[in-house]
**Student:** 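Starting off with a structure, shown below.
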There are 2 protein chains.
Amino acid sequence: MRQATGEKPNCEATEAQLRRSLEAAGWRFTKQRAAVFNCLCSADCHPTAEQVYQAVRSVIPNISLATVYKALETLVDAHLAAKLADADGPARYDCRSDAHYHFRCLETGQVRDLPLPYDEHLLDKLDPALVDSLRRQGFHVTGHRLELVGHYQNV
Amino acid sequence: MRQATGEKPNCEATEAQLRRSLEAAGWRFTKQRAAVFNCLCSADCHPTAEQVYQAVRSVIPNISLATVYKALETLVDAHLAAKLADADGPARYDCRSDAHYHFRCLETGQVRDLPLPYDEHLLDKLDPALVDSLRRQGFHVTGHRLELVGHYQNV
DNA sequence: ATCGATGCAAAGCGTTTGCAGGGGT
DNA sequence: ACCCCTGCAAACGCTTTGCATCGAT
């Protein structure tokens with residue numbers, strides 16, 4: 001975990017902004033949800049529910065793991081976070097909900113955001129006629145998920 | 001599930017070929033492993049362990065779900081299949097182990113292979129200087145996973 | 001005051017494991 | 001004959017749920 005530095009979209013969200021987003025989605029603002037959200041935003045790579053739980057306990061010692069899971073689900077529902085599947089092992093949570101790409105370290109399993117914009121025309125770059133060709137075969141493509149894999153070496 | 005039509009790489013594998021691949025990886029040939037492999041190859045979209053179990057029971061009625069899981073793990077180890085993560089819900093199994101792309105139907109959750117070659121130069125097409133730029137930020141990219149999403153409408 | 005959120009414990013689901021007996025080499 | 005594999009059942013890890021109480025509006 002690192003301190004929030006304002007690099008990530010949601011990180012600048014003040015408590016008031018978080019409250020507005022939650023209420024806009026029909027949820028109440030609670031300190032548990034705020035703590036979970038702040039944990040996600042200050043993490044340098046996308047944590048698991050258990051990692052969020054351990055981190056948040058230093059702020060709210062008696063929070064329960066079930067509450068962490070419910071808070072994460074609430075944040076996802078309010079489009080304040082996204083849930084990322086993991087082939088083996090627990091899911092990871094990302095405080096960005098906009099379309100973007102991820103990097104997965106094959107050595108540690110860590111998942112990070114890539115400083116790379118979502119490219120709506122990726123398929124055209126692969127092959128300009130691709131989407132039409134796929135549609136003729138029954139595949140109606142509305143988006144894509146790209147994950148780069150390798151290893152991460154902090155500099 | 002559909003009948004094997006020979007379109008998929010592993011589908012032409014005779015029992016003898018399957019035996020050779022298993023033994024090359026240090027495993028024995030058993031009818032349970034053969035039945036599980038045949039089920040994967042004849043499926044029109046990548047099944048879950050439970051779906052394999054239900055399908056294989058018509059061939060080996062007393063097979064256990066644990067054996068199906070072990071057979072799938074064995075096939076993955078022998079590079080005769082691959083395991084695909086699912087955001088929510090069980091994993092899916094693919095009788096191809098070469099790098100290729102998938103299509104995920106957002107309505108049914110079904111996953112299919114795409115008739116699309118793996119493009120090693122995808123990142124260069126996104127941006128020729130991308131890999132170098134990422135490496136300077138600590139991301140050492142060795143491959144990528146691309147999944148197209150949308151809905152599938154059989155024609 | 002109302003009604004949603006929390007914390008706890010128990011249940012749930014997909015998957016893995018331990019083990020005695022059966023089957024492949 | 002050896003030892004791996006199977007089938008059964010129990011355990012497992014991650015996640016969700018039921019419920020009484022607490023807290024936000």
Side-chain angles (χ1 to χ4, degrees), chain A residues 15-16 18-37 39 46-54 56-57 59-78 80-93 109 111, chain B residues 15-16 18-37 39 46-54 56-57 59-78 80-93 109 111:
Chain A
E15 198 165 286
L18 175 59
R19 176 186 297 270
R20 272 197 298 278
S21 296
L22 282 170
E23 290 177 351
W27 302 105
R28 286 184 181 171
F29 176 92
T30 67
K31 64 176 180 184
Q32 286 88 346
R33 288 170 180 165
V36 166
F37 182 69
C39 171
H46 305 323
T48 64
E50 179 68 32
Q51 290 170 336
V52 172
Y53 174 55
Q54 295 304 337
V56 169
R57 285 220 284 177
V59 183
I60 307 176
N62 69 326
I63 195 171
S64 74
L65 182 54
T67 296
V68 171
Y69 273 104
K70 288 171 190 166
L72 289 168
E73 192 185 357
T74 299
L75 293 172
V76 170
D77 178 273
L80 287 161
K83 183 179 182 179
L84 311 177
D86 222 339
D88 296 280
R92 290 166 184 280
Y93 293 85
V111 181
Chain B
E15 199 166 287
L18 175 59
R19 176 185 297 270
R20 272 197 298 279
S21 296
L22 283 170
E23 291 178 351
W27 303 105
R28 287 183 180 172
F29 177 91
T30 66
K31 64 177 183 186
Q32 287 86 349
R33 287 171 181 166
V36 166
F37 182 68
C39 171
H46 306 324
T48 64
E50 180 67 32
Q51 290 170 335
V52 172
Y53 175 55
Q54 295 303 337
V56 169
R57 285 221 285 178
V59 182
I60 307 176
N62 70 324
I63 196 171
S64 75
L65 182 55
T67 297
V68 170
Y69 273 106
K70 287 170 190 166
L72 289 167
E73 192 184 357
T74 299
L75 292 172
V76 170
D77 179 273
L80 286 161
K83 183 179 182 180
L84 311 176
D86 223 340
D88 295 280
R92 290 166 184 279
Y93 292 86
V111 180

**Student:** With DNA chain D as reference, determine whether B:A71 or A:A66 sits nearer its 5' end, using the nearest nucleotide of each.
**Tutor:** B:A71
**Student:** Choosing from C:dT15, C:dC8, D:dT6, which nucleotide comes nearest the side chain of A:K70?
**Tutor:**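 Out of C:dT15, C:dC8, D:dT6, the nucleotide with an atom closest to A:K70's side chain is C:dC8.
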**Student:** OP1 or OP2 of C:dG23 less than 4.0 angstrom from a side-chain nitrogen or oxygen of B:R28, does that happen here?
**Tutor:**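 Looking at the OP1 and OP2 atoms of C:dG23, neither is under 4.0 Å from any side-chain N or O of B:R28.
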**Student:** CH2 of A:W27 versus C1' of C:dG4: gap in Å, rounded?
**Tutor:** 9 Å
**Student:** Among C:dG14, C:dG7, D:dT25, which is the nearest nucleotide to the side chain of B:P90?
**Tutor:** C:dG14
**Student:** Taking 4.0 Å as the cut-off, does a side-chain nitrogen or oxygen of B:T67 come that near to OP1 or OP2 on D:dG7?
**Tutor:**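 B:T67 to D:dG7 OP1/OP2: side-chain N or O found under 4.0 Å.
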**Student:** Quickly work out the A:L72 CG to C:dT6 C1' distance and round it to whole Å.
**Tutor:** 15 Å
**Student:** To the nearest angstrom, how far is A:E23 atom CD from D:dT25 atom C1'?
**Tutor:** 9 Å
**Student:** Can you figure out which of D:dT15, C:dT17, C:dT15 approaches the side chain of B:A91 most closely?
**Tutor:** C:dT15
**Student:** Choosing from D:dC14, C:dA5, C:dT15, which nucleotide comes nearest the side chain of B:L65?
**Tutor:** C:dT15
**Student:** With a cut-off of less than 4.0 Å, is there a side-chain N or O of A:T30 near OP1 or OP2 of C:dT6?
**Tutor:** yes
**Student:** Rounding to an integer number of Å, can you tell me how far A:L84 CG sits from D:dC14 C1'?
**Tutor:** 16 Å
**Student:** For B:L22 and C:dG23, what is the distance between atoms CG and P respectively, to the nearest whole Å?
**Tutor:**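 Checked: the CG to P distance equals 19 Å.
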**Student:** Roughly, in whole Å, what's the span from CG in B:D88 to C1' in D:dT16?
**Tutor:** 12 Å
**Student:** Quick check with a 6.0 Å cut-off and a 45 degree axis cone: is B:R33 positioned over the face of B:F37's six-membered ring?
**Tutor:** no
**Student:** Quick check: are there more than 12 heavy atoms from other residues, nucleotides or ligands sitting under 6.0 Å from CD of B:E73?
**Tutor:**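 For B:E73, atom CD is not crowded (no more than 12 foreign heavy atoms under 6.0 Å).
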**Student:** Taking C-beta and beyond as the side chain, do B:V76 and B:L72 meet within less than 4.5 Å on heavy atoms?
**Tutor:**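 Counting from C-beta outward, B:V76 and B:L72 never come under 4.5 Å.
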**Student:** From C-beta outward on A:A49, which listed nucleotide comes closest to its side chain: C:dG7, D:dT15, D:dG7?
**Tutor:**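 Ranking C:dG7, D:dT15, D:dG7 by closest atom to the A:A49 side chain puts D:dT15 first.
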**Student:** Rounded to the nearest Å, what distance is computed from the CZ atom of residue A:R19 to the P atom of nucleotide D:dA24?
**Tutor:**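 So the two atoms are 9 Å apart, to the nearest Å.
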**Student:** Of B:E73 and B:F29, whose closest DNA chain C nucleotide lies nearer the 5' terminus?
**Tutor:** B:E73
**Student:** Rounding to an integer number of Å, can you tell me how far A:D86 CG sits from D:dT15 C1'?
**Tutor:**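 To the nearest whole Å, that distance equals 14 Å.
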**Student:** Once you round to the nearest 0.5 Å, how far does OG1 of A:T67 lie from CG of A:L65?
**Tutor:** 9.0 Å
**Student:** Indicate yes or no for a side-chain donor-acceptor contact from A:R19 to the backbone of A:F29 under 3.5 Å, with no hydrogens or angles considered.
**Tutor:** no
**Student:** Would you indicate, yes or no, if C:dG7 has its OP1 or OP2 atom less than 4.0 angstrom from a side-chain nitrogen or oxygen of A:Q32?
**Tutor:** yes
**Student:** Are any of A:Y69's side-chain N or O atoms less than 4.0 Å away from OP1 or OP2 of D:dT15?
**Tutor:** yes
**Student:** Which sits closer to the 5' end of DNA chain C, B:R92 or A:T74, going by the nucleotide each is nearest to?
**Tutor:**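 Whichever sits nearer the 5' end wins; that is A:T74.
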**Student:** What's the separation between atom CD in A:Q54 and atom OG1 in A:T48, rounded to the nearest 0.5 Å?
**Tutor:**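 One finds 9.0 Å between CD of A:Q54 and OG1 of A:T48.
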